[in-house]
Amino acid sequence: MSVFKRGFIFCLFFSAAGMGGCKKLVDVGAPSSSIITSAVFSNDATAITAQLSAYAKLMSYVFYFDQYTGLSSDELTNYNTSQVSIDIYRNTLNAPTDGGLNGLWSVWYNIIYQENSILENVPLSTGMSTRVKQLMMGEAYFNRAYWYFQMVNLFGNVPLVTSTNYLINSTIPSTAAAQVYRQVVTDLQAAQGLLSSSYLDASDNTGATDRVRPTTWAADALLARVYLYMGKYDSAAQQASLVINNSSMYSLVTDLTKVFKMNSQEAIWQLTPPNGTLYTYDGQWFILIAPPGGSSISNSAAISPQLLAAFEPNDLRMANWVNSYSQGGTTWYFPYKYRSTNVTATSLSEYYMVLRLGEQYLIRAEAKAQQHDLTGAAADLNTIRQRAGLPPTTATTQADLLTAIMHEGQVELFTEEHRWFDLKRTKTVDSVMNIVIPQKGGGTWNTNQQVYPLSSNDLLLNPNLTQNPGY
Amino acid sequence: MQLKAKTWLVMRLTGFLLLAAMLQVSARGRAQTVTYSAQSAPLTKVLAAIEQQTGYHVFYDDADLLESRPVTVELKAVPVQQAMEMVLADQPLRFEILGNTISIARKLRMPESKMAAPPFADVHGRIVDEAGVPLAGISVKVKGTERGATTDADGKFELKHIDPHAVLVMSGVNIEDFEVKLKDKTDLGTLTARLKISSIQEIVVNKGYYSVKQRENTGDVTVVTAKTIGEQPVTDPMLALEGRVPGLYIAQASGIPGAYSTIRIRGQNSIANGTNPLFIIDGVPFPSISLTNWDVTGGAVGYPVNPVSQANTFSGGLSPFNNLNPADIESISVLKDADATAIYGARGANGVILITTKKGKPGQTRTDVNIYSGIGQIARRIIPFLNTQQYLAVRHEALRNDGILPSATDYDINGAWDTTRYTNWQKVLIGNPARLTNGTISLSGGTVNTQFLLSGTYSNQIPEFPGNFHDQKISILSNLNHTSVNQRFNSFFSVQYTIDDNNVPASDFTGSVSLAPDAPAIYDASGNLNFQNGTFGNPFALTERPYKSLTNTVVGSLHLGYNILPGLKIQSQFGYNHEQMNQTNQTPAASYYGPPVATRRTNYFASTYTTNWSIEPQIDYARTIGQGKFDMQAGASVQRNQYNSLGQSASNFSSDALISNLASAATVTALGNEVTDYRYTGLYGRVNYSWKSKYIVNLTARRDGSSRFGPDKRFGDFGDIGVAWVFSDESFMKNTLSWLSFGKLRGSYGITGNDQILDYQYLSAYSASGTFQNTSGLAPNRIANPNFAWEVNKKLEGGLELGFLNDHIHLDANYYRNRTGNQLVGQPLPAQDGFTSVQANLPAVVQNSGFDAILSTTNIKSTQFSWTSSFIISVPKNKLVSFPGLASNSSYSGTYVVGQPIIGAYKGYHFTGVDPQTGYYTYQDLNKDGLFTSADRTFMITGIQHYFGGVSNTFSYKGMELDVFFQYVNQTGRNFLYNFSEAGPSNFNVPAYYLQDYWRKPGDVAKIAKATETGGSQSASYGNLYVSDYAVSDASFLRLKTLALSYHLPKAWQQKAHFQNTRIYMQCQNLLTITSYKGYDPESQGKSLPPTRMITIGAEASF
């Protein structure tokens, strides 16, 4: 046993013993993979990225609206073998397995949480500029309104959560749809006063080419739609006019193949595909590259016979927005509004369209018809028909005009999530689905099926939540 | 703090003593030497020269030198002591050195004079047991000295240069110590040692920071030895513990090599998190987390439920214990009660499992080789599924019931597929032979002071799946143990290294066993996968979709100890481990239908590592005062664990051949990069007092800090008191109950904690999420809560240990009651909160109580034949004792009920039979509103074990040994209806027993509802089945878990070949399962690959 050895042990022992119990030893700080919340909102640059991630999430999930509402209504024929697709298509959803549409509900509420977090943290920030604070608040109000509008239309009464405090939020009951609508209007009105009227880049500088961030015009356009759904036709027409009259920024694109291009003149708000992707999910999933089938959402649906039959002869939209795939004597038609797929795209040319001018004309046409301004209504309707290469409408009475506008919406806005919502808000859903559901192999239509079921799990976790009738 | 002050006092004392010891060493360093030569010189002259050279004073009486003879000597730098010995070698004189004086006197006429150099003897002998079998590794020591030897493989020993009148002491783990007086004998011949019949009381039990003899143990510890582990052909050592330890429940989730297991000591203490015990290997904490990446998933073995698997809350993914080699394990100690676990403080709540690796033993260097190989199949098979004819009939009936025609996607009946085909998917997908090969070679040996071991193992396990899947492992263990000659310093260094190459399919083939029996051929005419024009989701596509992981694990430990004074010892443990896993999960175009498309080629890549280091210094002091014995201990613990995982998805490969190369992907996306840091620190102390080894008190205390809590909630205090009374030593017992050879009562009460939650839950933070406008975004990580603190587990235990008839029968029975409050939960939130859970403390109390016992008996013990048995039983009870606000305002209201168990619990509908008129499942509609809502889901469903354990019998006759072990579990679990109840949906076959039990026409009294494809307006009737009590039933089983037969080759043969310990053996695992459970395995219960019934043969030899 050498002196060295003894000394060595002695030193080790004491150095280690001296460390025990020290508070510093259990302090780990923040992990390198995250930033504490107060630091996120300490300056403009990082604060903006807290909003950008919400758009990135949106881009990954917004397509489900097109797919699911298309399957639920009479737009698409399902070839997907997964149970949830079959259930949506045949309106045989059940709460234990499909409730909240398989977890999408939780993704959407996560984005709402993120917007609420921005609304709570931005006002507390001392390092952000007043201008960016204002813009971020505007976008957060706008986005929250957008999500609640979607939720209320898919699920009916939904819990209205406007803070990040889980102690309060956990037990909020299903809120009456009318109250949710009121919040949507309030949020959009707040957004109108805060948003930029010009498009923003990633640093919130104005004058960006990409139309991928909501502007005051997007708030106007969404508010027009919301008012239409609420039956406030004068306000709807007024908001739509604000957008339509801004002809320096927005005009209908005459070449139908270019409507869904990135930054098209018709785009009020678009979303870029996920980073590095050269195509939209609509393009990837709708365009058939093989006979439709399988359990993936891709390549598993085709345009329904009902939608196909709805096109008038010589409708340019049939020629330009619909394409087909044939094999073994069978032909399947598919939506072709977006033309880039994962197979064909070589460069980025299309963005996903959330709000576009075409819809605003139809909103105003319907609002005017409802207010007995039949000439004005026909004029707006004909603007859309004219672009599609069709003659002016022959409808003259209010009822006929409303039917014509509804029909125009079916062929103009197909697989853009409108059809399902339009059927429901115009209360024509029962008459249409009574015929369609048996054709889809789904038995008898029940009017309760126009809203999706909530997740059984959420109902267990929040005893105050109420399941939609019929589930 | 009291403890700290005491620690300092002891340390200062130690420092002083060390200093004193060093000074003494320096003094000895000045020893003088003598250089002198003489031819027949007078002694007086020689002594004068020595006096002059060394400065020593030489004293003698002249009269004593009268008889001296002339001296002839040659001295060259010889130390004084030796010089004097040489000078006086032939003189009738003796000498003594005291300080710097040398006294010389006339030799006394006594033969055993200590002053005279005694004559030396070389002694040898051989030790055998009563049956004449040589005993190796027996320690032979010269009484009163440190000198000794160890017997070799033949039982032989030799001692040189010892006092011919010494007494030798023989001791060993398995023998009764005995002494032999030499009395001038040099050949002791063959000595017979008496084997300990039942050495249970004398076994030294490892309790982690300290060890005690079982006799004086105040805690509850069960030890499983290498023999038990070694006779089971498994590659995950945890699987060798099933049914072997009272109170320890282990269930294999699936038979896929490397799949995780559920491991629980005495039930589930925590409602939501952290139910894993603490694992310690050779003193180093082993993170019992699965490294399987959450984003990339673990293929067929699943993935951890938590996105960050940092906390020990996995229930999926590759088992971390698959990276340990069963062949390297000497023993596994399972620590259960407060007395045994409180010294682990905040980590001890769920019990502690100590793994000790094998070490070298003193003796000749020996090589051990052990090789086995076997073949297997799934432990249980379902009786046949419907054949094509039956299946098609049911399918058509389902469509008729629904009033619909076959749709475009009903390929099995709409004409797309050949309806005359028949494939037994069960046989094709999971009916292939499983294989297991294992080989271990080790080299070990050493001296009494230094021992080493080097061991390498290769194993390869192939599951029952088609395709090329395997789990290959290479493990290396090396360790070195050294004790200084004076026995004061000891060190131990060990390194284990394991490479695990796990290759399983992307999902479990078992999921496809219910494919339509008329599904098309697997391969087309040209031998490619057949997708029948895209109509057939061919399960063999999985053979092209491997999930691969390569895991490298290093566990290193260093232990240094020094005995400062008799009874006072300082020691420190240094541990390091590093586990690195690389995963890929690939989907080449060849596994899809249709022309190869670059973007469909995807591969996921994950790289995950965890690094853990720990330092644990400790000081021990033991002292005996009269009949009482004190044992004290104080120590500190510092630990850090870093975790880093990166998951990436890659797609758009130009060719399938390039799919393993990330660089050849056109699109690469980072899925997640998790980095966490966990730090942990603690101070602990223990005081143990034992009086006459009869009354024992053991006190432990610990203060712990963990980084998993908010800054104000990091530290917690834990401790325990344990007592034991060996009542059989009381004289009144000895006199009256002579058949009672041992009796001990013990009890303990203490507080332990649990910090097994995710890191950083207290911190409100954002992390990278998505990219928009070419800019990386940030999104909130969680709903943060800075106020949660330790989960506290209060453990109470009483135990009784009894030995009868000279310990031929031994009983160890325990009653325990553990109550866990301040529940740490990832409290589930409804999705409307934005996140599905928040970390919080719940004011709820969970109680685990119960009884468990081992009864071991030596039924027959003779030199030729022996038969021993053991019976293990655990009767656990689990219930939620309190939960304020559970029903009114809690997100757990749908899951738990006060007074009911929480294990596998949820509230469901109460099944009320199949309606004989409509043929639908019906449930109790409690509030009679005609709907099935959460108000009707009140029936408690649990997956709890009512009792479980094992029965072991070991027979040995001459060289033959037979071990038979039955495992039994009485429990409820998910039944076949949960997995196989739906007849009707396309591609959904059902077991044949369906035919007898399902509803066909009004008036039928049936067990299963009518066939349906969609359920139509009654789809909820089918859907609710999964959340009703009808989906669970008895899942009890009795399993012949292990059957091991071995035969030792005759000695004579072995000696000829220079072998020892040579045996051949057959080992069977999961050989037979007796159960009424329908479906696959009652243990795994899911639609997953059942555990494997493995039969191996092997051989072992040492040379």
Side-chain angles (χ1 to χ4, degrees), chain A residues 1 3 6 9-10 12-13 16-17 19-21 25-26 28 30-37 40 49-50 52-53 55-57 79 81 90 92 94 96-97 105-106 109-110 112-114 117 159 161 166 169-171 202 212 275-276 290-291 293 342-343 441 443 458-463 467, chain B residues 18 22 404 407 409 484 489 534 560 562 570 572 594 597 599 615 617 636 638 667 673-677 679 681 683 705-707 714 760 763-767 769-773 775 777-781 783 828-834 836 838 891 893-894 933-934 1014 1016 1019-1020 1023 1027:
Chain A
M1 175 53 115
V3 176
R6 291 185 201 198
I9 298 164
F10 197 72
L12 275 179
F13 183 80
M19 292 191 290
L25 284 171
V26 286
V28 288
S32 61
S33 52
S34 60
I35 305 173
I36 60 170
T37 302
V40 172
T49 64
L52 296 182
S53 73
Y55 297 118
K57 272 184 206 159
Y79 293 90
T81 54
R90 290 177 175 168
T92 51
N94 65 78
T97 55
W105 163 288
S106 56
Y109 266 109
N110 178 254
I112 289 170
Y113 177 92
Q114 195 167 340
S117 175
V161 175
Y166 74 97
N169 296 345
S170 298
T171 49
V212 295
N275 198 35
N342 51 344
V343 182
D458 284 332
L459 289 165
L460 284 176
L461 293 171
N462 177 3
Q467 183 58 280
Chain B
L18 263 182
M22 285 175 205
I404 55 175
S407 73
T409 53
S484 64
F489 171 74
L560 300 173
Y562 185 70
I570 53 169
S572 192
V597 176
T599 48
I615 301 175
V638 185
T667 310
N673 187 356
E674 291 295 341
V675 180
T676 63
D677 190 356
R679 293 182 198 225
T681 184
L683 276 175
S706 164
S707 64
R714 287 199 171 136
Y760 306 114
L763 195 68
S764 171
Y766 275 58
S767 61
S769 165
T771 299
F772 198 74
Q773 289 186 306
T775 306
L778 287 171
N781 282 340
I783 297 176
L829 298 176
Q832 67 195 55
D833 279 311
T836 49
V838 62
S891 50
S893 60
T933 61
S934 52
T1014 64
S1019 62
V1027 286

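Atoms considered below: every heavy atom in the structure, side chains included; atoms not considered: hydrogens, waters and symmetry mates. Just so it is clear: chains get the letters A, B, ... in the order the sequence lines come, proteins before strands, and each one is counted from 1.
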Side chains of [X] and [Y] in contact at under 4.5 Å (non-hydrogen atoms):
X	Y	value
A/Tyr109	B/Pro830	no
A/Tyr113	B/Pro780	yes
B/Leu829	A/Leu461	no
A/Thr49	B/Thr775	yes

- Item | Choice from B/Gly534, B/Gly705, B/Ala765 maximising heavy atom contacts with chain A below 4.5 Å |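 The answer is B/Ala765.
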- Message: Out of B/Gly594, B/Gly770, B/Ser767, return the one with the most heavy atom pairs under 4.5 angstrom to chain A.
- Response: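 The candidate making the most pairs under 4.5 Å is B/Ser767.
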- Query: Side chain of A/Thr37, backbone of B/Ser764: donor and acceptor closer than 3.5 Å?
  - Reply: yes
- Query: Judged by atom type as modelled, is there a donor-acceptor pair below 3.5 Å linking the side chain of A/Ser53 to the main-chain atoms of B/Gly777?
  - Reply: no
- Query: Taking every heavy-atom pair that is under 4.5 Å apart, which of A/Leu459, A/Ile112, A/Asp458, A/Asn94 has the most such pairs with chain B?
  - Reply: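 Highest number of pairs under 4.5 Å: A/Asp458.
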- Of A/Pro291, A/Ser170, A/Pro159, the largest count of non-hydrogen pairs under 4.5 angstrom with chain B goes to A/Ser170
So for [X], is it side chain, backbone, both, or neither that comes closer than 4.5 Å to the heavy atoms of chain A?
X	answer
B/Val1027	neither
B/Ile404	side chain
B/Asn781	side chain
B/Ile783	both
B/Tyr766	both

- Task: Below 4.5 Å from any heavy atom of chain B, which atoms of A/Val212 appear? Answer side chain, backbone, both or neither.
- Result: both
- Message: Would B/Leu763 and A/Ile36 count as a side chain to side chain contact (heavy atoms under 4.5 Å, CB included) here? Give the steps.
- Response: CA-CA 7 Å; B/Leu763 195 68; A/Ile36 60 170; 3.7 Å; yes
- Item | Intermediate values then yes/no, side-chain hydrogen bond (donor to acceptor under 3.5 Å, both in side chains), A/Asn169 and B/Gln832 | CA-CA 7 Å; A/Asn169 296 345; B/Gln832 67 195 55; over 6 Å; no
- Please identify each residue that fulfils side-chain hydrogen bond (donor to acceptor under 3.5 Å, both in side chains) with B/Ser769, with sequence neighbours left out.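 Listed in chain order: nothing, the list is empty.
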- For A/Ser34, side-chain hydrogen bond (donor to acceptor under 3.5 Å, both in side chains) partners two or more places apart: none
